[in-house]
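Everything below concerns the one structure shown next.
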Amino acid sequence: MRYSFAVLFIFMVLALLACVSVARKSYKKIGGTVALLISMLIPPVIGNLIIILSTEKLLATIGCYIYFIGMDCVIMSLMHFAFEYCVVKWPNHISRYLVCGLVTADMIQYALNPIFGHAFDTEAISVDGRPYYRLVPYWGQTYHRIVVYGILLLIVAIFVYKLVRSARVYTERYAVILITILLTGVWQSYYIFSRTPVEKSMVGYGIFGLLIFYFSLYYRPLTLLDRLLANMASDMQDAIFFYDADGRCIWANRQAINLIDLKDEKFDRSSELLQEMFGQKDDFDDLEWTCSRVIGIGDEAKYYLQTKRTVTDERQHVTGAFLTIRDVTEEQKLLKQERYNATHDSLTDLFTKEYLYECIRKILDENPDRDYMIHYIDILDFKLINDVFGTDFGDKTLKGIASFLREHVPSDGVFGRIGGDTFGVLIPKEAFSEKELEEALQSFSTGEGPLDHHVVIHVGVYEVIERDMEVSFMFDRALLAMSTIEDEYQTHIAFYDEKIRKDVLWAQHISAQLKDALKKKNVVPYLQPIVDKEGAIVGAEALARWVHPQDGFLPPSSFIPVFEKNGMIVEVDRYMWRCACEILADWQKQGRDLFISVNISPKDFYFMDVASEIKSLVAEYKVAPSKLRIEITETVMMTDIDNRMKVLENLRQAGFIVEMDDFGSGYSSLNLLKDMPVDVLKIDMKFLAKTTDEKKARTILQNILQLSEDLGIFSLTEGVETHSQHLMLSEMGCKLFQGFYFAKPLPITDFEEFYQKNLAG
Ligand code: C2E
Ligand code: MG
Ligand code: MG
């Protein structure tokens, strides 16, 4: 029997060694503590093994030393383990050092036993017919027992404390270890106190070690997991149904029960109720799916997102499934609202530009056989409406247009707001009636009673012919058509037609070539003589001509308005001014005392510093500023008056003569004159041309001339075509004259020839 126990102990030692090695490698924090405890269990087992096997007193005594000192180590590491496993802290350092001191003292007194013999001795008895050395305890052994049992009691107390204080799901992990400690303790105590030969309680050490190993490192209480998962499922916002492998519902959380109104938790009925609610059958042949469901319509609609997942075991056999149903109504509503906000204008509730373009594209693509028209709608003087009546009234006007569109655009058309005061419409061609639209526009007004204000609306119409063109380009065309409206208050509608198309192409054509034309000097200055009362030439106006290699001789009317629109006039003017300076420099050398007037477009003021540009030019060519006259039109003064006045004043200060061109052809009032920093008034004869009433014309001219005289402004009449006109104007006191009667604009050499003849004549 001794030998069979010895073999058993050897196996136990090997098993404990294996546990130590695994525990040391464990990623868990307690792994090291467990490894230490289990490794400490080995010396007492070995000590006992030696005692069992030895037939010699000395060997048995050595076994006893290993056994008892090992026991001290066991109790110490068990205590360390208990504190870690139960997550308990020492109340203070003193208590900890006290316990350690007691154990250390025990080890020391064992070490002194060979000298004093105070702890124990062994006595030989016969077991299985062979000597067995049994322990004979003295007072040192008693001390050892007090220390060990004392600490054991402390350890038991810790476990009991945890057992009582912890949630029920955790009791298992403490109870198992506590019971093992108690059983092993009792078993060993039996052997110690009964002094029964061959101590077998070491088997308990082995079992104890293995249990510690398992519970500390691998054990996960299933009930705990169950509880946690169940709690999580119950707390979920989503409804969740659990199914067994046969597709029977076995459990559902509170949300799920409420969702399908599952009475008395009869889970079996859930499939049937789900089908009633969502009109679907849970297809459990499909392992996984996700789908959206809508119940109800309009504002009452509820949106759900359903997901089914299947649970399989390691052999891929279906062990169950679960279905989650999430109420996504709020998210959907929010999404819808966001989509609405992104596609609708907040003030008018109409489509935004981007969305309108998108819709138009879609309609055109989906109806390839239908003809459509694009309308670009603009409110005339909307800024003025805002300024005069206030922004509230402005907003009201915009809303009024939105209502107007809702009322007039047929359902198969589409409309939206494409800018501040601009709107866009697409309507089928057959639904469009110019007459009806014109009538509707004429009667459009906003406000009530005394605030009733007639709002002028302009509409540019483009018939969609090039369907593949980008929608924004279609609107550009409609806008282009609208911008051709000249008689702003009488005409409301303009169509994009062949002429507009040609104009655009022409503008693109010449704009692309201007730079090159200036470089090659294809743009040339023509000079139109300016004469005094006696007919003597005193100067000339420089007028641009484009000698185009393909398109021939181009008058300024064919390119100046284009460049004035797109701003390229700046290039032309800068070039013309340089040409004028060149000519003047040349004339100066030849002793010709003549001036040249150059034209300045309103756009020049936007894109350059007119004053410094002109000043640096005359400086470069060393021309007297008084020889380069500056012609501006009244449109120059229509915006940014103060600054423009400063520029002109600046030029006059520098010695330039500023002329007001085309006076009388625009809206200028005589009133403007008194503040204008101009030296010469160029009166346009053309504005009197159509007037049949000669007398009236005379009176007007007379007055203008008189006024300029009074204001100290020099007068020049242009467009003089006849001798009688010249005579009449001279009598009225006009000082200078320009017109076909004297000469047309001439190339430089022709002008110079003409001048020589004039001098001679
Ligand atoms: P404008 O500055 O008022 O120039 C006078 C225009 O009247 C010239 O037309 C001239 O040929 C024309 N004219 C002169 N005498 C008579 C006449 O007795 N009867 C009639 N019916 N017309 C007469 P043009 O050269 O075609 O220039 C037209 C306009 O083009 C100019 O009007 C000016 O506003 C603009 N322009 C011409 N060259 C330039 C330029 O280099 N820069 C700028 N910004 N504008 C220019
Ligand atoms: Mg002019
Ligand atoms: Mg003029």
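Both backbone and side-chain heavy atoms feed into the values below; hydrogens, waters and symmetry mates do not. For ligands, and for the atoms within them, numbers begin at 1 and follow the listed sequence.
- For the ligand labelled ligand 1, residue Gln528 lies inside the 4.0 Å heavy-atom shell.
- Not a single protein heavy atom sits closer than 4.0 Å to atom 32 (O) of ligand 1.
- Ligand 1 lies nowhere less than 4.0 angstrom from a heavy atom belonging to Met685.
- Contacts between Arg545 and ligand 1 below 4.0 angstrom, taking non-hydrogen atoms only, involve the side chain exclusively.
- Note that atom 9 (O) of ligand 1 has no protein non-hydrogen atoms nearby, at separations under 4.0 angstrom.
- Among the heteroatoms counted here (N, O or S) of Asp661, OD1 is the one nearest to the Mg ion (ligand 3).
- If you look at Pro555 next to ligand 1, there are no close heavy atoms at all, none under 4.0 Å.
- Counting only heavy atoms of the protein, atom 27 (O) of ligand 1 lies nearest to Pro556 CG, 3.4 Å.
- Rounding to 10 degrees gives 130° for the angle at the Mg ion (ligand 3) between OD1 of Asp662 and OE1 of Glu718.
- With Tyr606 as the aromatic partner, Arg644 meets the cation-pi criteria of under 6.0 angstrom to the ring centre and within 45 degrees of the ring axis.
- One finds the NE2 atom of His492 at 12.5 Å from the CE atom of Met482 (value rounded to the nearest 0.5 Å).
- Residue contact annotation: Ser557 has no non-hydrogen atom under 4.0 Å from ligand 1.
- At a 4.0 Å cut-off, not a single heavy atom of Lys682 sits close enough to ligand 1 to count as contact.
- With a 4.0 Å heavy-atom cut-off, ligand 1 is reached by the side chain of Glu718 but not by its N, CA, C or O.
- Aromatic pair Phe432/His375: centroids less than 6.0 angstrom apart.
- In this structure, the ring of Phe751 has its center less than 6.0 angstrom from the ring center of Trp587.
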